[in-house]
Novice: 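Dumping the structure here so I can ask a few things about it.
Everything numeric here is computed off the predicted structure, so don't read it as measured data. To find a chain, count down the sequence lines: A is the first, B the second, and so on, and within it residues start at 1.
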Number of protein chains: 2
Amino acid sequence: MRNFSRGDVFAAACPSRQILQHVTSRWGGLVLIALREETLRFAQLRRRIDGISERMLAQTLQVLEGDGLILRKDYGEVPPRVDYTLTPAGREISARVFALSDWIEKNLPELLALTPDAAPQTVQ
Amino acid sequence: MRNFSRGDVFAAACPSRQILQHVTSRWGGLVLIALREETLRFAQLRRRIDGISERMLAQTLQVLEGDGLILRKDYGEVPPRVDYTLTPAGREISARVFALSDWIEKNLPELLALTPDAAPQTVQ
DNA sequence: CGGTATCCTTTGCGATACTG
DNA sequence: CAGTATCGCAAAGGATACCG
């Protein structure tokens, strides 16, 4: 297997592609954005991200933690208390994901004007 | 249904969430990045994006075209000649997706260092 | 390019061990 | 009893590939 010292998302086998995949996954990006400004607990994240199931949130958090982008802090209390914070790398990536979503949010009216045919396409 | 004059990706029903979904879908982002600098034909895109099937490329291009982010130009020739270019909105979004992937590519060594446990997580 | 088979993602339920 | 943070499992649904 090749050694990717710089990363090439166009190469299927490059780890950078996997990471890009994780941070742009259905829920990954939203989690990163939500944690952009503050540390949040599991239930807070769940409330903030409309539509995510508990299972998916737990799974997404694990993947992102596995990538070293978020830090999971377990207070070992009962009832359970756990919170999540971005690592420095996570903050860098989060900022960029946010730049993307923010542009889309701000330009939504213009974007919607581009789609006169309300085509309800579904991908991912 | 609410009227999203500004967009809120955290709201499941907001169109901005769908668009974000499309541009960060498994192949959507890669297509956008590939078209960032030049107009490309179908086969060129396919060769550049390692691992994409014809079917998925066609589908992805349709979705992005439906969102008004890329322009499909059919020259009506025989043999068929079609190429794809970013629209102004597509260029804006592409730049931001690229900023994300580029950061990941450039910092790949540091990112990989964060994952000593080669956890082969799979998401999306 | 369409149709189907397969794979993967996602969901929902149940369980856990306590506290207000 | 509701809330808290996960996890395993079974089932469903959507994405993707493999054909012809």
Novice: Does any residue of residues 78-86 of chain A have a heavy atom under 4.0 Å from DNA chain D, and if so, which ones, in number order?
Specialist: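 Only P79(A), P80(A), V82(A), Y84(A) qualify.
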Novice: Side chains of residues 87-95 of chain B: which donor-acceptor partners sit under 3.5 Å, not counting sequence neighbours?
Specialist:
residue: T87(B); atom: OG1; partner: G68(B); partner atom: O; Å: 2.8
residue: T87(B); atom: OG1; partner: L69(B); partner atom: O; Å: 3.1
residue: T87(B); atom: OG1; partner: G90(B); partner atom: N; Å: 3.1
residue: E92(B); atom: OE1; partner: R96(B); partner atom: NH1; Å: 3.1
residue: S94(B); atom: OG; partner: L32(B); partner atom: O; Å: 2.9

Novice: Nearest-Å distance, CZ (R46(A)) to P (dT10(C))?
Specialist: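 The distance from CZ of R46(A) to P of dT10(C) comes to 15 Å, rounded to the nearest Å.
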Novice: Roughly how many Å is it from CG in L40(A) to C1' in dT4(D), rounded to a whole number?
Specialist: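 Value for this atom pair: 15 Å.
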Novice: Applying salt bridge (charged side-chain N to carboxylate O under 4.0 Å, His left out), name anything that partners E54(A), two or more places apart in sequence or on another chain.
Specialist: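 If we apply the salt bridge (charged side-chain N to carboxylate O under 4.0 Å, His left out) test to E54(A), skipping adjacent residues, the hits are R46(A).
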Novice: Quick one, which residues of residues 48-56 of chain A touch DNA chain C with a heavy atom under 4.0 Å?
Specialist: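 Those residues whose heavy atoms fall under 4.0 Å from DNA chain C, taken from residues 48-56 of chain A in numerical order, are G51(A), S53(A), R55(A), M56(A).
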Novice: Between dC8(C) atom C1' and W27(A) atom CH2, what is the distance in whole Å?
Specialist: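 Distance, rounded to whole Å: 17 Å.
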Novice: Please report the distance, rounded to the nearest Å, between CD in Q44(A) and P in dG3(D).
Specialist: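 One finds 15 Å between P of dG3(D) and CD of Q44(A), rounded.
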Novice: What is the distance from CD of Q59(A) to P of dT11(C), rounded to the nearest Å?
Specialist: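 Computing the Q59(A):CD to dT11(C):P distance gives 10 Å.
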Novice: Got a sec, which residues hit salt bridge (charged side-chain N to carboxylate O under 4.0 Å, His left out) with R81(B), two or more places apart in sequence or on another chain?
Specialist: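 Residues passing salt bridge (charged side-chain N to carboxylate O under 4.0 Å, His left out) with R81(B): E77(B).
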Novice: Can you tell me the distance, in whole Å, between the CG atom of L61(B) and the C1' atom of dC1(C)?
Specialist: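 Answer to the nearest Å: 16 Å.
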Novice: Of all residues at least two apart in sequence or in a different chain, which pass the side-chain contact (heavy atoms from CB on, under 4.5 Å) check with A99(A)?
Specialist: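 Checked A99(A) against side-chain contact (heavy atoms from CB on, under 4.5 Å); zero matches.
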Novice: For dT4(D) and R47(A) - does any side-chain N or O of the residue sit under 4.0 Å from the phosphate oxygens OP1/OP2?
Specialist: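 So the side chain of R47(A) is within the cut-off, an N or O lying under 4.0 Å from OP1 or OP2 of dT4(D).
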Novice: Using the test side-chain contact (heavy atoms from CB on, under 4.5 Å), find all partners of E37(A) that sit at least two apart in sequence or belong to another chain.
Specialist: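 For E37(A) there are no side-chain contact (heavy atoms from CB on, under 4.5 Å) partners, ignoring immediate neighbours.
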Novice: Take atom CZ of R26(A) and atom P of dT9(C), then tell me their distance rounded to the nearest Å.
Specialist: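 Going from R26(A) (CZ) to dT9(C) (P), I get 13 Å.
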Novice: Check side-chain contact (heavy atoms from CB on, under 4.5 Å) between R48(B) and all other residues, then give those that pass, not counting sequence neighbours.
Specialist: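 So R48(B) forms a side-chain contact (heavy atoms from CB on, under 4.5 Å) with F10(A), A34(B), E38(B), L40(B).
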Novice: V82(A), L61(A): one ILVMFWY side-chain cluster at the under-4.5 Å cut-off?
Specialist: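 Both belong to a single hydrophobic cluster.
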Novice: Just jot down the side-chain contact (heavy atoms from CB on, under 4.5 Å) partners of E105(B), sequence neighbours excluded, or say none.
Specialist: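 For E105(B), the residues satisfying side-chain contact (heavy atoms from CB on, under 4.5 Å) (neighbours in sequence not counted) are R6(A), D8(A), V9(A), S16(A), D102(B).
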Novice: Taking it one step at a time, do L108(A) and C14(B) satisfy side-chain contact (heavy atoms from CB on, under 4.5 Å)?
Specialist: CA-CA 10 Å; L108(A) 187 55; C14(B) 181; 4.0 Å; yes
Novice: Just how far, in rounded Å, is P of dA15(D) from CD of Q21(A)?
Specialist: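 From Q21(A) CD to dA15(D) P: 14 Å.
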